[in-house]
Amino acid sequence: MKLNNSLTPAGFNKVLAETLKNDFEEFKAPEWIAYVKTGAHRERPTQDENFWYNRSASILRQIHKKGILGVSRLRSRYGGRKDNGMAPAHFQKSGGKIIRLILQQGEAAGLLEKAKGKKVGRQLTSKGKQLLENIQ
């Protein structure tokens with residue numbers, strides 16, 4: 001389960017995002033992505049046109065690294081500090097719809113599957129593991 005050491009995590013995500021964008025038709029950004037924030041801690045929607053593919057690549061890498069992950073853990077992973085004005089800032093989880101939809105698209109592409117056993121969440125299939133291990 002070791003990732004390729006020749007790439008930094010950012011470089012790995014960039015290459016994986018391009019692969020998802022070009023080779024997998026299941027990974028499509030919905031029309032509403034330009035109008036929604038990624039979480040309650042954000043002030044504005046994202047301006048990155050490749051956000052969907054970058055987040056998809058990041059989620060697949062996290063699942064590859066940690067094994068089995070669910071929506072709640074991923075919401076915590078992509079959350080951040082909410083600015084409450086004069087009040088102290090507090091941590092807020094990110095939104096779950098984007099993460100859930102990316103996981104469903106990963107299942108449709110055959111890269112992810114629901115975990116069977118005690119742990120609840122998604123895990124990589126053999127096709128998903130092979131894709132992530134072959135990225136250089």
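Taken to the nearest 0.5 Å, the CD1 atom of Ile99 stands 10.5 Å off from the CD atom of Gln62. With rounding to the nearest 0.5 angstrom, the CD atom of Gln105 is 5.5 Å from the CH2 atom of Trp52. Atom CD1 of Ile59 and atom CD1 of Ile102 lie 4.0 Å apart (nearest 0.5 Å). In this structure, CG in Leu69 is found 12.5 Å from NE2 in His64, a value given to the nearest 0.5 Å. The distance from atom NZ of Lys127 to atom CG of Leu132, rounded to the nearest 0.5 Å, is 12.5 Å. A distance of 11.5 Å separates OG in Ser126 from CG in Leu131, rounded to the nearest 0.5 Å.
Nearest heavy atoms, Phe27 versus Gly106: CZ-CA, 3.6 Å. Residue Thr125 comes nearest to Gly110 through the heavy atom pair OG1-O, 2.6 Å, listed as atom of the first residue, atom of the second, then distance. For Ala57 against Ala17, the heavy-atom pair with the smallest separation is CB-N, 3.7 Å.
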Throw together a table of side-chain donor-acceptor distances under 3.5 angstrom for residues 28-48, partners on residues two or more places apart or in other chains.
unit_1 : atom_1 : unit_2 : atom_2 : d
Lys37  : NZ     : Arg42  : O      : 2.9
Thr46  : OG1    : Asp48  : N      : 3.4
Gln47  : NE2    : Pro45  : O      : 3.4
Asp48  : OD1    : Asn50  : N      : 3.1
Asp48  : OD2    : Asn54  : ND2    : 3.0

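Other residues, nucleotides and ligands contribute over 12 non-hydrogen atoms within 6.0 Å of the CZ atom of Arg75.
Pairs of residues two or more places apart, or lying in two chains, that qualify as salt bridge (charged side-chain N to carboxylate O under 4.0 Å, His left out) and include a residue from residues 94-111 are Glu107-Arg122.
Residues satisfying the side chain to side chain donor-acceptor pair (under 3.5 Å) test with Gln123, not counting sequence neighbours, are Glu113.
Within the 4.5 Å cutoff, the side chain of Leu60 has no heavy atoms near those of the Asn13 side chain.
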May I have the step-by-step check of side-chain contact (heavy atoms from CB on, under 4.5 Å) for Ile98 and Tyr78, ending in yes or no?
CA-CA 11 Å; Ile98 293 171; Tyr78 295 108; over 6 Å; no
Side chain to side chain donor-acceptor pair (under 3.5 Å) between Thr19 and Tyr53, worked out:
CA-CA 9 Å; Thr19 304; Tyr53 304 104; over 6 Å; no
Decide yes or no on side-chain contact (heavy atoms from CB on, under 4.5 Å) for Phe12 and Arg61, but give the supporting numbers first.
CA-CA 9 Å; Phe12 183 85; Arg61 184 175 173 277; 3.6 Å; yes
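Note on Leu101: it clusters hydrophobically with Leu103, by side-chain heavy-atom contacts below 4.5 Å among ILVMFWY residues.
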